[in-house]
Amino acid sequence: MTAATPSEKLTVYAAGLVQGITLVTFPAASTIFTSSAWYGLSASQYGIMFVPQVIAAIVASLGGARLATRMGWKRVYLAGLTANLASMGLLIVSRFLAGDQGAAYPLLLGATACLGLGFGLTVPAVNTFTAEFHPGAVDRSVLVLNALLGLGTALAPVFVAIFVGIGAWVGLPVLAAALIAALLVVSLRLPLRAAQAGQAGQAGHAGQRSGVPPAFWVFAAFAVLYGFCETMNGNWSQLDLTALHVSATTASLTLTVFWMMVTAGRVGFAVLQRWLPSRLAYHVLPFVLAGAFVFIALLPRDPASSGVIAFGLAGLGCSALLPLTISFGQERLTSMSAAVAGGVIACYQFGYGLAAFGVGPLRSAGVTLPEIYAASAAVAVVLGALSLALPRARARGRHSPAALHPRPAGHLK
């Protein structure tokens, strides 16, 4: 295999950015979906809207490595982009039926299902490409990719605020669709080869013979709890803030601050990796997140700048945890390294689902969002306890990134 070209590397990073914008399109428009002037969804309906997304994402993430052995990671990646494009198309169509909930809601469910499929196929693929294209710096390259994904998630609420301000919120899915279509055109012309795609079959057979390593379930539990914590901020922050009499525009910008801090943290830890070991960040960040949840739970009415600070702190707490879980897992679980990204993403999506649609029934039962955020602090503490086990597991069987992602033949140093 020849070395990856700059165009391939740039395209994969761009895919992370666009996937981030697409992924947060629905949570960023939460006030549109629950507004009586538009879709008029209840809290439970809004939460249930994400069920198809979670199911599809889990199935796609778990099946991605197996699909890659048959058709290659490039086709898996292209299929993911196509599903994302379909999701935005259905959301755009639903806008014209917003006054008829019976017609619009099935379209929204279909849109989130396509989004889950797209996310579940695209994210493991681009993580695999990134690790393959940067064999000597896997942790750093995966952090950068996920920082760009985080940047996309930060941009989505900004775009919603802008488009809502001009009376055309549907501009966000239109923009996302245009970006995905451009990515598809560019990607079709690139080789986008990954040696791991060819090795995935061997890893899969080895996994069938020896079973899933016990250490994977620690990574899996960590990803589930992380998905819950991230989604409590990403999906419910705007509704929490508007209940505290914050304007919809300010709530959207606060969500942007959350995702910007997620992005800044990922970039910062990638830059500082030489001086600040990844495992130290992995130990500390869950406890930063726990403190942020306590802060959010105690926000007063009309919190002004304190809400921005609280969710910004939560973004920093979340920042490096998911990409480091993926890279640690790929380095530790060598017998199934090709399937680690998909497995971690699937577990992350399960946690996403617990928060996305589990909070709705709790709210309908009279539990307030501040109370749920207070309970989330305990979840973050458990996350911190698990973080103490994962790097130790990695250290006992540590392999260099170059050994796990060998430098392709012809790759120039």
Side-chain angles (χ1 to χ4, degrees), residues 20 24 27-28 30 143 146-147 149-158 161 222 225-247 249-272 276 278 280-325 348 351-352 355 359 368-387:
V24 183
S30 60
L143 275 169
N146 283 272
L149 195 152
L151 177 60
T153 59
L155 291 173
V158 174
F222 189 95
L225 296 181
Y226 171 80
F228 175 88
C229 291
E230 182 193 279
T231 307
M232 279 304 305
N233 295 292
N235 280 38
W236 295 100
S237 62
Q238 292 188 87
L239 297 181
D240 179 55
L241 291 170
T242 52
L244 295 173
H245 304 292
V246 172
S247 70
T249 299
T250 302
S252 291
L253 294 178
T254 301
L255 180 59
T256 293
V257 170
F258 166 75
W259 289 117
M260 285 180 64
M261 289 302 294
V262 170
T263 303
R266 289 172 178 174
V267 172
F269 288 117
V271 171
L272 297 174
L276 180 64
S278 297
L280 178 60
Y282 208 61
H283 292 330
V284 172
L285 290 179
F287 297 102
V288 173
L289 182 57
F293 278 135
V294 172
F295 192 176
I296 293 168
L298 297 176
L299 286 174
R301 284 187 174 272
D302 193 13
S305 60
S306 58
V308 175
I309 295 170
F311 282 102
L313 185 63
L316 177 63
C318 287
S319 59
L321 294 178
L322 183 61
L324 286 178
T325 302
Y348 158 78
Y352 177 103
V359 171
T368 67
L369 278 173
E371 290 170 338
I372 298 172
Y373 276 113
S376 300
V379 176
V381 170
V382 175
L383 196 65
L386 281 175
S387 77

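Quick note: residue numbers are just sequence positions, from 1. Every value quoted in this text rests on a predicted model; they were computed, and no experiment measured them.
Contacts of A377 classified as side chain to side chain contact (heavy atoms under 4.5 Å, CB included), with partners at least two apart in sequence or in another chain: F293, V294. A310 is linked by a side chain to side chain contact (heavy atoms under 4.5 Å, CB included) to F295, I296, L299, counting only residues two or more places apart in sequence or in another chain. Looking at residues two or more places apart in sequence or on another chain, you find a side-chain hydrogen bond (donor to acceptor under 3.5 Å, both in side chains) between Y226 and E230.
Using a 4.5 Å heavy-atom cutoff, the side chains of L383 and L321 are in contact.
Closest approach of L289 to A314, counting heavy atoms only: CD1-O, 3.7 Å. Closest heavy-atom contact between L285 and S319: CD1-OG, 3.8 Å. Considering every non-hydrogen atom in both P286 and A281, the closest pair reads CD-O, 4.5 Å. Looking at every heavy atom in both residues, A290 comes nearest to V381 through CB-CG2, 3.9 Å. Residue M232 comes nearest to V359 through the heavy atom pair SD-CG2, 3.6 Å, listed as atom of the first residue, atom of the second, then distance. Nearest heavy-atom pair across S237 and F311 is CB-CE2, 3.4 Å.
Between C318 and the options V262, L313, V288, T231, a side-chain contact (heavy atoms from CB on, under 4.5 Å) holds for only V262.
Taken from CG in L155 to OG1 in T256, the straight-line distance is 8.0 Å, to the nearest 0.5 Å. Atom CG of N233 and atom OG1 of T254 lie 11.5 Å apart (nearest 0.5 Å). With rounding to the nearest 0.5 angstrom, the CG atom of L324 is 7.0 Å from the OH atom of Y282. Considering CZ of F222 and OG of S387, their distance stands at 6.0 Å, rounded to 0.5 Å.
The backbone N or O of Y373 lies less than 3.5 Å from no partner atom in the side chain of W236, so there is not a single donor-acceptor pair.
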